[in-house]
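Reviewing the structure listed below.
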Amino acid sequence: MISKHSWLFKLGLVILLLVSGCDRTTKIVTYKDLEYSSYGTKLDLFLPQNSSQPLPVLIYIHGGGWWGGDKDLCVKNIQKRQGIEKFIDRGYALACINYRLSDRALFPAQIQDVKTAVRWLKQNANKYNLNPDKFGAWGESAGGHLSALLGTSAGVKELEGNPKNPQFYTRIQAVVNLYGPTDFTKVPPAFEQPYTPAVEKYKKRPWYQYTVATNRLLGGPVSKNLKLATLANPITHIDANDPPFLIFHGALDDTVPLSQSELLVKALQAKGVEVTFIQEPKRSHYFGGDKGEYFASKYIDMMLKFFDNHLKDK
């Protein structure tokens, strides 16, 4: 005969196991440092251990002014607090990519690398159980710019590079851009000379960091590289076939002006492209959380809901 205490103990154990089972996340399969181009650029790929259907893909493009950062920011920035598993549990493959930085190669090398990564992922879709028709891109700052440019420039020859696998088209199906630059010509430069350490004397001027980053990306002042600046502007390439956009920007941003996103939003709307604009009045060039998250959980949740709407079958 089972005693009352023994029965209660076993009941408690069953409840504990059930709760623990509910809290368990999907096991993640990680592929590190997959080389996707002849320049030695690499990506990391995170997948759920088991999936019955080909996975929609989210490509994270890191920020850093096009001259800093790397794909490891993906894990560092996302893993803190909310975790990579939040994306994997939602049924996505997550690709975190490197691209050539501006101290190694000037624009358009950066977007050419991003597009090469897209083609490589599509070429290897069967190997990794990816859905080549369900790709989204997201990133912050310089990564937001490259995500937006990827979204609007499918088929632009100058930005495609010299692909070995041109049969794989670089059009994607959804874009999230967090406070990325757009039209370099619309931001008053802090200085009008090629970048050298000597320009630090101007660092107290408005938009100094923006000027440094665009100067280094283009190989000189924007005013002396207008053709490249136009090519780098996502607005230049917008057409009615572009994917839906979700854009975030803080009104207090003193690194990339809020007006940069406003210009992009208006241009997308003018072409009939679906766009959602989240303007945060108290945010600057950082959308972190109260508990140390690089991206506050509510923004991750908004992104995932947006991607769900556009990358998953209803």
inquiry  = Counting neighbours of OH on Y208 that are heavy atoms of other residues, nucleotides or ligands and sit closer than 6.0 Å, is the number greater than 12?
reply    = yes
task = Please indicate whether N162 has more than 12 foreign heavy atoms, meaning atoms of other residues, nucleotides or ligands, lying under 6.0 Å from its CG.
result = no
task = Taking atom CG of N165 as the centre, report whether more than 12 heavy atoms of other residues, nucleotides or ligands fall under 6.0 Å from it.
result = yes
inquiry  = So V118 and K122, do their side chains get closer than 4.5 Å, heavy atoms only?
reply    = yes
query = Looking just at side-chain N and O atoms, do H249 and S261 make a donor-acceptor pair shorter than 3.5 Å?
reply = yes
request  = Indicate the atoms forming the closest heavy-atom contact of Y195 with N215, along with that distance.
outcome  = N-OD1, 3.1 Å
task = Take the angle between the ring planes of F295 and Y60 and call it parallel below 30°, perpendicular above 60°, tilted in between.
result = perpendicular
message = Is there a side-chain contact between H285 and D253 in this structure, where contact means two heavy atoms from C-beta onward sitting under 4.5 Å apart?
response = yes
query = With a 3.5 Å cut-off and no angle check, do the side chains of Y169 and D133 form a donor-acceptor pair?
reply = no
request  = Assess whether atom NZ of K312 is packed by more than 12 heavy atoms of other residues, nucleotides or ligands within 6.0 Å.
outcome  = yes
ask   = N124: what forms a side chain to side chain contact (heavy atoms under 4.5 Å, CB included) with it, not counting sequence neighbours?
value = W120, K127, Y128
message = Between K298 and E280, does any side-chain N to carboxylate O distance fall below 4.0 Å?
response = yes
ask   = Can you say whether the rings of Y286 and Y294 are parallel (under 30°), tilted (30 to 60°) or perpendicular (over 60°)?
value = perpendicular
request  = Using a strict 4.0 Å threshold on nitrogen-to-oxygen distance, state whether R90 and D301 make a salt bridge.
outcome  = no
ask   = Closest heavy-atom contact between G151 and V175?
value = CA-CG2, 3.7 Å
ask   = Roughly how far apart are K134 NZ and L58 CG, rounded to 0.5 Å?
value = 12.5 Å
ask   = Should the heavy atoms of other residues, nucleotides or ligands under 6.0 Å from CH2 of W207 be counted, would the total exceed 12?
value = yes
ask   = Crowded around K32 NZ? As in, over 12 foreign heavy atoms under 6.0 Å?
value = yes
task = Decide if atom CG of D290 counts as having more than 12 heavy atoms of other residues, nucleotides or ligands within a radius under 6.0 Å.
result = no
query = What pairs meet the side-chain hydrogen bond (donor to acceptor under 3.5 Å, both in side chains) rule with one or both residues in residues 107-117, with sequence neighbours excluded?
reply = R100-D113, K115-S153, K115-E160, K115-T170, T116-R119
ask   = So, for S147 and G139, which heavy atoms are closest and what is the spacing to 0.1 Å?
value = OG-N, 3.4 Å
key: Test item: F191 and K201 side chains (from C-beta on) under 4.5 Å apart, heavy atoms   = no
